[in-house]
> 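Sharing a structure with you now.
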Amino acid sequence: MDGVLNEATDKLHKYESGQSDFQTTCGATSHVAHDHLRLVPVEQTATGGDVNRCGRCFADGDSY
């Protein structure tokens, strides 16, 4: 599964598959410039770094 990483906030959101651009389940990235966003495998972010998961997208995530 892919996620959308907001590199400005280090927040990972669930990618809304089948949609264009970087649309997420929660819609939080709709106003973010595309140069701050990238698609990454969710599994990759689970093991390290300072990436936080969006609480609206992931049950184990922290706040928005």
> Provide the closest heavy-atom pair for A28 versus H13 in the form atom of the first, atom of the second, distance.
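Scanning both residues, the minimum pair turns out to be CB-CE1, 3.7 Å.
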
> Please step through side chain to side chain contact (heavy atoms under 4.5 Å, CB included) for the pair T29 and K11, ending with a clear verdict.
CA-CA 10 Å; T29 60; K11 182 76 70 174; over 6 Å; no

> What about F58 and L5, same hydrophobic cluster or not, with Ile/Leu/Val/Met/Phe/Trp/Tyr joined at side-chain heavy-atom distances under 4.5 Å?
yes

> How long is the span from the CG atom in D50 to the OG1 atom in T9, to the nearest 0.5 Å?
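Taking CG in D50 and OG1 in T9, the distance rounds to 12.0 Å.
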
> Answer yes or no: is there a side-chain heavy-atom contact under 4.5 Å between V42 and R53?
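Yes, at least one pair of side-chain atoms sits under 4.5 Å.
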
> When you measure from the side chain of N6 to the backbone N and O of A8, does any donor-acceptor pair fall under 3.5 Å?
yes

> Apply the side-chain contact (heavy atoms from CB on, under 4.5 Å) test between V40 and each candidate in V51, D2, L12; give the one that qualifies.
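Per the side-chain contact (heavy atoms from CB on, under 4.5 Å) rule, the option paired with V40 is L12, out of V51, D2, L12.
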
> So, using salt bridge (charged side-chain N to carboxylate O under 4.0 Å, His left out) as the criterion, who are the partners of D35 when residues are at least two apart?
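For D35 there are no salt bridge (charged side-chain N to carboxylate O under 4.0 Å, His left out) partners, ignoring immediate neighbours.
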
> Test side chain to side chain contact (heavy atoms under 4.5 Å, CB included) on T25 and E16; report intermediate values, then the result.
CA-CA 5 Å; T25 301; E16 190 69 34; 3.4 Å; yes

> So, using ring pair (Phe, Tyr, Trp, His ring centres under 6.0 Å) as the criterion, who are the partners of F22 when residues are at least two apart?
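Ring pair (Phe, Tyr, Trp, His ring centres under 6.0 Å) check on F22 returns H34.
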
> Any chance you could measure E7, atom CD, to L37, atom CG, to the nearest 0.5 Å?
8.0 Å

